[in-house]
Amino acid sequence: MESKLQVYNSLSGKKEIFKAINAPHVGMYVCGPTVYSEVHLGNCRTFISFDMIFRYLTYSGYKVRYVRNITDAGHLENDADEGEDKISKRARLTELEPMEIVQKYTLDFHNVLALFNNRPPSIEPTATGHIVEQISLAEDILNKGLAYESNGSVYFDVDAYNKEYDGAYGELSGRKVEDLLSNTRALDGQSEKRNPADFALWKKASPMHIMRWKSPWSDGFPGWHLECSVMSSKYLGNHFDIHGGGMDLKFPHHECEIAQNKALDGKKPVNYWLHTNMLTLNGQRMSKSTGNTLLPGELFTGDNDKLSKAFSPMVVRFFMLQAHYRSSLDFSSNALEAAEKGFNKLMDALAVLNELEASEDSNGFELNTWVEKLHASMDDDFNTPVLIANMFDGVKYINSIKHGDATISSSDLELLKSTLSAFIFEVLGLKPEEEISTSGNDELVNDLMQIILDSRMRARQSKDFASADRIRDLLADLNITLKDGKMGAEWEVK
RNA sequence: GGUCUCGUGGCCGAGUGGCUUAGGCAUCGGUCUGCAAAACCGAGUACAGCGGUUCGAAUCCGCUCGAGACCUCCA
């Protein structure tokens, strides 16, 4: 399969031509959320970015198997209750079953992503559903001599791994084990490790720990990084195309994942590592401890003190796509408001496009060049901001045709329609805002509006502008905006 | 402290050696309109600072200042 697509590979630090291992099939794994609290907007940005990537690969003709996990167990929490994982801690506090927490926030996660018009992944495996496989991988690494058991826990032996594979640990993050040693703080179980850089494959559970499973070593739970190694290889094979996640997961999570997969046969598990950048709020990193955070629900209702008003999911999605996925992006009211106007302009143009009449031939625009530019911008490491900039050239053309300053042939009109809607709906995953409901009586409202507009038109024709303006003002009070055109007035609810 | 990234016009945000004054929003002027709105046309303001490489740098190198990420769960 011929591909012009270039992607930035974190492993090499360069843009590389994308070549699928088994084209047209593509395997893509993305680290999903830990479902112990509501997803915040930063999480959403990552998943929207990968949704866009998933969509463009699909649009480009690839058959993508997109695997994104749900972490519902196993992540240690670093505070007073050391050794207890996040899920069970939250469960204890609220006196719920761990799986009740998991269920609640998994549903929340799915609901929010659906509002953002994300497509669901092909497979969404859970960590707790793959305990057997995780134990099995830990055994394999033990048998290979690259892990050791200590007091019921199993640790990955970074030194042994580095000797076996020529210092491979750190290949993704650029870290050196020597640098890590002096900076590692005292964690629970540190004394059980031979080396501070070693990380747990299996952890013995304390008596208080609710979530626990039997293993050859102890009643316990899987280590921090094991689930992704297991689930990616189970569903995509030992060698697959794309692995993604937020930048903050690069180290140690993804570094450890590589080590775990590579431990068995020394072969690199993933060809292209893609990392998305962080979202900040008013210039500051989102953080629950400082209160500088925003939940999707607060955004959609405007019920927060960070933003001046509510913003719809599609405006937020458009806003995020106006920045490149590898750039950090700052969230603010001003920026959102600007994006909202731009989004509406784009959607208005799409509506105009559907009403356009074709001419004998086209002039005033290089349509084929424009179509190529749209593809080229996405082929350049999914450069959605440039794509959107190019789309606005098409918007100008559309409006010019409407005003009679340019023309378009019927075949070009079809090409323009199909191309623009494909990029807006399929690739960017945008959709028009929900029409404001008029009590399910749209036809009646339309007819009534026609009567109102007709009487206003008569007033204007008889130069009774006072009456015409009065009608316009009264409608404006109802949030109805009029646009006078050659073919009569149009109206819309704002 | 260590590793790394970034600093673009009023705001957001592309662009990585020699026309991109990308694009969106905002501002100003014009066209259209009875007046508006919308749309279209035109305009302006920029590359953190200093020094270096080069015929030529926003783009490469060095330093300074500033911001951020990771080093510990984190999208």
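Below, each value reflects all heavy atoms present in this structure, side chains not excepted, and no hydrogens, waters or symmetry copies. Lettering follows sequence order; numbering is per chain, from 1. Nothing here was measured: the structure is a model prediction, and the numbers come from that model.
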Pairing of A/R456 and A/D484 as salt bridge, 4.0 angstrom limit: yes

Touch class at under 4.0 angstrom, heavy-atom based, for A/F392 against every strand present: sugar-phosphate

Sugar-phosphate only, base, or nothing, as touched by A/D248 at under 4.0 Å among non-hydrogen atoms: base

Rounded distance in Å - CG (A/N277) to P (B/C74): 17 Å

With A/D381, the salt bridge (Lys or Arg N to Asp or Glu O under 4.0 Å) member among A/K15, A/K4, A/R326, A/K14: A/R326

Nearest-nucleotide comparison on RNA chain B, the residue closer to the 5′ end among A/L279 and A/A335: A/A335

Base paired to B/U59 (Watson-Crick or G-U; both N/O distances under 3.5 angstrom): none

Nearest-Å distance for atom pair CG/P, residues A/N69 and B/C73: 16 Å

B/G44 versus B/G30 - spacing of their C1' atoms, nearest Å: 15 Å

Rounded distance in Å - CZ (A/R175) to P (B/U3): 10 Å

Assigned partner base of B/C19, Watson-Crick or wobble definition, under 3.5 Å: none

Euclidean distance for P, B/G1 against B/U8 (whole angstrom): 24 Å

A/D330 side chain to A/T280 side chain, donor-acceptor N/O pair below 3.5 angstrom: yes

Touch class at under 4.0 angstrom, heavy-atom based, for A/H324 against every strand present: sugar-phosphate

Rounded interatomic separation in angstrom, taking CD from A/Q6 and P from B/U16: 11 Å

Aromatic ring proximity, centroids under 6.0 angstrom, A/H254 and A/H275: yes

A/N334 vs B/C12: side-chain N/O to OP1/OP2 distance below 4.0 Å: no

Nucleotide forming a Watson-Crick or wobble pair with B/A67, both distances under 3.5 Å: B/U5

Pairwise C1' distance, B/U45 and B/G34 [rounded to whole Å]: 36 Å

Gap between atoms CZ and P, on A/R326 and B/A69 respectively (whole Å): 19 Å

Same-atom distance (P) from B/C74 to B/G66, integer angstrom: 31 Å

Nearest-nucleotide pick for A/D469, side chain only, options being B/G2, B/A75, B/G34: B/G34

Side chain of A/M278 (C-beta onward), nearest among B/A38, B/C40, B/A75: B/A75

C1' atoms of B/C63 and B/U53, separation to the nearest Å: 15 Å

Sugar-phosphate only, base, or nothing, as touched by A/M247 at under 4.0 Å among non-hydrogen atoms: nothing

Of the listed nucleotides B/G34, B/A26, B/G23, the one nearest the side chain of A/K341: B/A26

Check: B/G23 base within 3.5 Å donor-acceptor of A/D393 side chain: no

Sugar-phosphate only, base, or nothing, as touched by A/K463 at under 4.0 Å among non-hydrogen atoms: nothing

Nucleic acid contacts of residues 375-385 of chain A, taken as heavy-atom distances under 4.0 Å to RNA chain B: A/N383, A/P385

B/A39 - base-pair partner by Watson-Crick or wobble geometry, distances under 3.5 Å: B/U31

Spacing of A/F251 atom CZ relative to B/C70 atom C1', expressed in whole Å: 9 Å

Close aromatic pair by centroid cut-off 6.0 Å: A/F156 and A/Y161: yes

Pairing partner of B/C11 (Watson-Crick or G-U wobble, both distances under 3.5 Å): B/G24

Proximal nucleotide (of B/C12, B/A75, B/A22) relative to the A/T34 side chain: B/A75

Under-4.0 Å salt bridge between A/D469 and A/R472: yes

Presence of salt bridge, A/D51 and A/R317, under 4.0 angstrom: yes

Length of the CG-P vector between A/D348 and B/A39, whole Å: 7 Å

Polar side-chain contact A/R472-B/A37 base: donor and acceptor under 3.5 Å: no

Spacing of the P atoms in B/U5 and B/G9 (rounded, Å): 23 Å

Touch class at under 4.0 angstrom, heavy-atom based, for A/K345 against every strand present: sugar-phosphate

Separation between the C1' atoms of B/A69 and B/G29, rounded to whole Å: 45 Å

Touch class at under 4.0 angstrom, heavy-atom based, for A/S49 against every strand present: nothing

Candidate nucleotides B/C71, B/A14, B/C35, ranked by approach to the side chain of A/V386 - the nearest: B/A14

Ion pair check, A/E366 and A/K373, cut-off under 4.0 Å: no

Side-chain donor or acceptor of A/E255 paired with backbone N/O of A/P252 under 3.5 Å: no

Test item: A/S153 side-chain N/O and A/K204 main-chain N/O as donor-acceptor pair under 3.5 Å: yes

Touch class at under 4.0 angstrom, heavy-atom based, for A/G245 against every strand present: sugar-phosphate

Sugar-phosphate only, base, or nothing, as touched by A/L249 at under 4.0 Å among non-hydrogen atoms: sugar-phosphate

Watson-Crick or G-U wobble partner of B/U45, both distances under 3.5 Å: none

Length of the OH-C1' vector between A/Y325 and B/A14, whole Å: 15 Å

Donor-acceptor side-chain pairing of A/S362 and A/T407 below 3.5 angstrom: no

Aromatic contact, A/F54 with A/F47 (centres under 6.0 Å): no

Nearest listed nucleotide, side chain of A/K396, among B/A22, B/C41, B/C71: B/C41

Closest-nucleotide ordering on RNA chain B, the 5'-leading residue of A/Y397 and A/G342: A/G342

Residue A/D405, side-chain heavy atoms: nucleotide from B/C40, B/A75, B/A14 that is nearest: B/C40

Under-4.0 Å side-chain N/O to phosphate OP1/OP2 contact, A/S327 with B/A14: yes

Sugar-phosphate only, base, or nothing, as touched by A/L329 at under 4.0 Å among non-hydrogen atoms: sugar-phosphate

